[in-house]
Amino acid sequence: MKLFAIPVLLAAALIATPAQAKLRVFACEPEWASLVHELAGDKVDVDAATTALQDVHVVEAKPSLIAKVRAADLAVCTGADLEIGWLPQLLRQSGNTKLASGPGAFMAAMQVKRLEVPTAVNRADGDVHPDGNPHVQMDPRRIQVIAKALGARLLQLDPANAATYQARLADFNTRWTAAMLRWKTKAAPLRGRKVVVHHISWSYLWDWLGMQQIGALEPKPGVPPTAAHMASLVAATRDQHALTIVRAAYQDPKPADWLASRTGVPAVTLPFTVGGDAQAKDLFGLFDSTLDKLLAQVK
């Protein structure tokens, strides 16, 4: 073989050897897409299925979502039946069996202790989840536990980038612990205050902050507000000196505004997830914005 041919062959071999493909992650909700970014950076490609302006209980299984699921190596979702109305359909239509169970399926709510786990499930009680309230993203203490479990899962699926995942998890933990201390001090004036909510999706936030939910605009979870039920809330909201009436960015503002107009208790829209307002650009901003908006109601 001629010597000049060797560099040509080496170049051809390098071109023919593909670079290691990035891990593809399908995140059901914005909060988990944000957490994946924190823990993995540019080592993964992340597709988020929903936005803060969508009700994640009700999502259409569009072809674009099916394509994202088909290409994914890992699904990071809330679980606890939050996505029961659409995720199983996406999995079936995509044919991607590795996301249905095992290492390719990561359900955040199942990594932590859940609140409001029912002793029995009756559809007459509304949208009750058998595994408990799924909205665990509203408690930073649980976020920290979930981050540790998710970091381990990324390392398991992509051991070639183990050092990156370990370093980024350690960095996230340091910043998150400092933020939780700051938030705890900042939130002190909220302890013991009472709130009315649109949907029972804030239980983890109140548990963390030591606040009390005294009513919900929905007569039963997932059941739209009715005139009779709304009227019954007027006295309780006013007489118990509620701090505010809370709704998420995706929810219809009319019921909360109606109750506010009849009680003098202000309504506030909280981001609920990453992207819910301009400040909530990531998980840190989510809690910064949430506390700022609640504290703005304290007189």
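Hydrogens, waters and symmetry mates play no part in the numbers below; they use all other heavy atoms, side chains included.
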What pairs with [X] under side-chain contact (heavy atoms from CB on, under 4.5 Å), at least two apart in sequence or on another chain?
| X | result |
| --- | --- |
| V274 | P30, S34, L283 |
| L115 | R142, S203, Y204, D207 |
| L169 | L39, A147, N173 |
| T97 | none |

Treat each ILVMFWY residue as a node, draw an edge where side-chain heavy atoms are under 4.5 Å apart, and state whether [X] and [Y] are in one component.
| X | Y | answer |
| --- | --- | --- |
| L155 | M107 | no |
| V46 | F106 | yes |
| V265 | V268 | no |
| L90 | V58 | no |
| V196 | F272 | no |

Selection residues 182-278 - residue pairs positive for disulfide bond (SG atoms under 2.5 Å apart), sequence neighbours left out
none
Considering non-hydrogen atoms only, spot the tightest contact between [X] and [Y] and give its length.
| X | Y | answer |
| --- | --- | --- |
| A48 | A33 | CB-CB, 4.0 Å |
| I66 | A61 | CD1-O, 3.9 Å |
| V36 | V44 | CG1-CG2, 3.7 Å |
| P266 | Q297 | CG-OE1, 3.2 Å |
| A105 | L74 | N-CD1, 4.4 Å |
| P271 | A249 | O-CB, 4.2 Å |

Check side-chain hydrogen bond (donor to acceptor under 3.5 Å, both in side chains) between [X] and all other residues, then give those that pass, not counting sequence neighbours.
| X | answer |
| --- | --- |
| D288 | R182, W183 |
| D45 | none |
| Q111 | none |

Would you say that [X] contacts [Y] through its side chain, given a criterion of any heavy-atom pair below 4.5 Å between the two side chains?
| X | Y | value |
| --- | --- | --- |
| L295 | P189 | yes |
| D277 | K293 | yes |
| I146 | L35 | yes |
| M138 | W202 | yes |
| F172 | I143 | yes |

Anything under 3.5 Å between a donor and an acceptor, one on a side chain of residues 76-87, the other on a protein residue two or more places apart or in another chain? List them.
residue : atom : partner : partner atom : Å
T78     : OG1  : E29     : OE1          : 2.9
T78     : OG1  : W32     : NE1          : 2.8
E83     : OE1  : G79     : N            : 3.0
E83     : OE2  : T78     : N            : 2.8
W86     : NE1  : V56     : O            : 2.8

Holding to ring-ring contact (aromatic ring centres under 6.0 Å, His included), I want the full list of residues that pass it with F26, two or more places apart in sequence or in another chain.
none
Listed by chain and number, what are the salt bridge (charged side-chain N to carboxylate O under 4.0 Å, His left out) partners of D73, not counting sequence neighbours?
K98
If we ignore hydrogens and angles and just use 3.5 Å, is the side chain of [X] paired with the main-chain N or O of [Y] as donor and acceptor?
| X | Y | value |
| --- | --- | --- |
| S94 | L91 | yes |
| R238 | R262 | yes |
| T177 | T174 | no |
| R247 | H198 | no |
| S232 | H229 | yes |
| K43 | L23 | no |
| T51 | L53 | yes |

Start with the C-alpha gap between T185 and L181, add the side-chain angles, then the distance that decides, and say whether side chain to side chain contact (heavy atoms under 4.5 Å, CB included) holds.
CA-CA 6 Å; T185 300; L181 290 172; 5.9 Å; no
Review item, side-chain donor-acceptor pairs of residues 210-219, under 3.5 Å, at least two apart:
residue : atom : partner : partner atom : Å
Q213    : OE1  : W206    : NE1          : 3.4
E218    : OE1  : H199    : ND1          : 2.6
E218    : OE1  : G222    : N            : 2.9

Is it true that R24 and D47 have a side-chain N and a carboxylate O under 4.0 angstrom from each other?
yes
For K186, is there an ion pair with D292 - N to carboxylate O distance below 4.0 angstrom?
yes
Which value, rounded to the nearest 0.5 Å, describes the distance between [X] atom [atom1] and [Y] atom [atom2]?
| X | Y | atom1 | atom2 | value |
| --- | --- | --- | --- | --- |
| R141 | W208 | CZ | CH2 | 8.5 Å |
| T237 | L243 | OG1 | CG | 12.0 Å |
| N161 | L154 | CG | CG | 10.0 Å |
| N133 | R114 | CG | CZ | 10.5 Å |
| L259 | I245 | CG | CD1 | 4.0 Å |
| W176 | Q144 | CH2 | CD | 8.5 Å |

Output, in order, the C-alpha distance, side-chain angles, deciding distance and verdict of side chain to side chain contact (heavy atoms under 4.5 Å, CB included) for R193 and L294.
CA-CA 10 Å; R193 301 303 296 263; L294 287 173; over 6 Å; no
